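All of these numbers come straight from a predicted model, not from anything done at the bench. Position 1 is the first residue of the sequence; numbering continues from there. Start at 1 and go down the list; that is how both ligands and their atoms are numbered.
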Amino acid sequence: MRGRVSGTFSVIHRDASCGARLGSLKTPHGEIETPIFMPVGTNATVKAMTPEDLWAVHAQIILANTYHLYLRPGHRLVESLGGLHRFMNWSGPILTDSGGFQVFSLGELRKISEEGVKFQSHLDGSYHVLTPELSIKIQEALGADIIMCFDECPAATADYDYVSRSLEMTTRWAKRCKEAHSREGQQLFGIIQGGMHHDLRARSLNEICAIGFDGYALGGLSVGEEKEQMYGVMESCAPLMPQDAPRYIMGIGAPEDLVEAVWHGFDMFDCVMPTRNARNGMLFTSQGRINIKAKAYEEDGGPLDPACGCHVCRTYSRAYLRHLYRAGEILASQLNTYHNLYYYLDLMRRMRGAIRENRFTEFRRDFYGSQTDNHV
Ligand SMILES: O=c1nc[nH]c2cc3[nH]c(NCCN4CCCCC4)nc3cc12
């Protein structure tokens, strides 16, 4: 069992008007400025983006998934070829999710027990058992800079008693994960559960923090709950979480969710929204979301977002992006993804600037005013 990787995270500045803070997180593959958004690279690729594109949109750290890489191509193969960084030619930091959430969102015929989760692969129906120990060994073999404890994410509809019993097992699994983890320099984050119940959240938070990890994540969110419930959990948990460790909310989220979470004092985020929406023609702009396939853009020779400095907005017209999408061209996914990730990462950069200048509360107010969400 490894102790905490000391001295990797420091809070550089706090905005006195709210919970927002500027941080620095050191990893074996580089230093990360927080608050930060992590593009999702599930199968060892951020879909439609080359590593060069990721650097160009100022990505600092990306996420990959244990469940997917274990099933295909296999963590031992990736390890034998030099690890995930070498395999995908990404020299920056990587965080891997532990697989529990994906087993429940993708796996077939799952059976959960104290040992772990039995499931059938969604790829070929083969049978597998994912345990806390195996999840840690897979993530160590992949060589991620930050790895996550194996946990259970209860459905948003789970009742109080189920959520209570589930968080207790997640705590027992977290202890097993810490016991199994031995890779020097690799950070292990704990995951806090408890559903939408503030008393259960506090219990899970105290139990996970008592074990001691290099960072702490809120799990069990963005699973279909109302925004008010999500924001309520953020508000109740942030003040209870260690001040001197990174705070990560898994699966979050839309731009407005990121602004709200940073305001409460969270540091790290991941979500498929910018990349998945891009492939569906839903693009994020300074004026809100637009649907590029709308007829309104058929003859629009202007930039996707006049306020955006990205290569796509400086080079192509909305009419061209609409044409590519309607023609089913591969370039549509590439250009749309490039812009959406640039928008997300530039939003994080703008939030860091607002914190640095103690004006994050004003930033949050102005952001809500700007998002007309016209959905045209
Ligand atoms: O409790 C969790 N433990 C481990 N990993 C997780 C990943 C998660 N991802 C999400 N939500 C993803 C929601 N996303 C939003 C955009 C559309 C596709 C689904 N919640 C999560 C909770 C967990």
Side-chain angles (χ1 to χ4, degrees), residues 37-42 46-47 62-70 95-107 110 112 116-117 119 130-132 135-136 138-139 144 146-158 162-163 166-171 173-174 177 188-197 200-201 204-205 207-208 213 215-227 229-231 233-234 237 247-258 260-261 266 268-284 289 337 340-341 344:
F37 179 82
M38 300 182 280
V40 174
T42 292
V46 176
K47 290 179 172 42
I62 64 168
L63 181 142
N65 280 116
T66 296
Y67 170 85
H68 295 78
L69 294 171
Y70 161 73
L95 180 146
T96 43
D97 194 354
S98 49
F101 181 80
Q102 288 75 31
V103 164
F104 280 89
S105 51
L106 285 172
R110 291 96 51 197
I112 192 165
V117 188
F119 67 96
L130 197 49
T131 65
S135 174
I136 294 297
I138 294 168
Q139 297 180 80
I146 302 170
I147 69 174
M148 303 305 295
C149 280
F150 188 71
D151 65 328
E152 183 192 6
C153 173
T157 53
Y162 184 91
V163 173
S166 170
L167 81 84
E168 290 163 1
M169 185 159 70
T170 285
T171 295
W173 283 0
C177 287
L188 175 63
F189 282 19
I191 302 178
I192 295 155
Q193 292 292 348
M196 308 307 151
H197 310 286
L200 298 183
R201 282 282 172 181
S204 177
L205 193 152
E207 291 177 358
I208 296 297
F213 291 100
Y216 300 92
L218 289 190
L221 290 177
S222 194
V223 290
E225 74 277 9
E226 297 299 323
K227 282 232 196 249
Q229 289 180 296
M230 177 200 291
Y231 293 175
V233 170
M234 290 181 192
C237 287
R247 300 163 176 175
Y248 166 25
I249 309 187
M250 307 185 83
I252 304 281
E256 60 271 19
D257 302 336
L258 299 179
E260 201 65 14
F266 289 89
M268 299 170 70
F269 311 95
D270 83 273
C271 190
V272 296
M273 197 174 273
T275 42
R276 183 176 296 181
N277 283 24
R279 299 194 300 278
N280 297 325
M282 296 296 289
L283 306 181
F284 294 92
R289 299 162 173 77
T337 302
N340 272 2
L341 283 179
Y344 261 65

What residue and heavy atom of the protein are closest to [atom], and at what distance?
atom	value
atom 14 (N) of ligand 1	S222 OG, 4.2 Å
atom 20 (N) of ligand 1	L221 O, 2.8 Å
atom 5 (N) of ligand 1	D97 OD2, 2.9 Å
atom 17 (C) of ligand 1	V272 CG2, 3.9 Å
atom 3 (N) of ligand 1	D151 OD2, 2.8 Å
atom 21 (C) of ligand 1	F101 CE1, 3.5 Å

Check: [X]/[Y] side-chain N/O donor and acceptor closer than 3.5 Å:
X	Y	value
Y248	D270	yes
Y70	N65	no
S204	Q193	no

Side chain of D151, backbone of T170: donor and acceptor closer than 3.5 Å?
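Checked: no pair found.
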
Would you check if the side chain of T96 reaches a backbone N or O of A144 as a donor-acceptor pair within less than 3.5 Å?
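Not confirmed, T96 side chain does not pair with A144 backbone.
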
Search all heavy atoms of P132 against all heavy atoms of C177 and return the closest pair with its distance.
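Scanning both residues, the minimum pair turns out to be CB-SG, 3.7 Å.
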
Atoms of ligand 1 close to [X] [distance to a heavy atom under 4.0 angstrom, numbered from 1]:
X	value
C153	1 (O), 2 (C), 22 (C)
G220	1 (O), 2 (C), 22 (C)
R276	18 (C)
G219	1 (O), 2 (C)

Beyond-backbone contact of I112 with V103, side-chain heavy atoms, under 4.5 angstrom:
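No. Closest side-chain heavy atoms not under 4.5 Å.
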
Contact between T337 and K47 at the side-chain level, heavy atoms closer than 4.5 Å - yes or no?
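A side-chain contact under 4.5 Å is absent here.
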
Basic-acidic side-chain contact under 4.0 Å: K227, E256
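Yes, this pair counts.
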
May I ask you to check if ligand 1 and Q193 share an N or O to N or O distance below 3.5 Å?
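Yes; the residue has a nitrogen or oxygen that sits under 3.5 Å from a nitrogen or oxygen of the ligand.
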
Does the residue M148 have a heavy-atom contact with ligand 1, meaning some pair of atoms that are separated by less than 4.0 Å?
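Distance cut 4.0 Å: M148 fails for ligand 1.
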
Q102 near ligand 1, heavy-atom distance under 4.0 Å?
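No; Q102 lies far enough from ligand 1 that no heavy-atom distance drops under 4.0 Å.
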
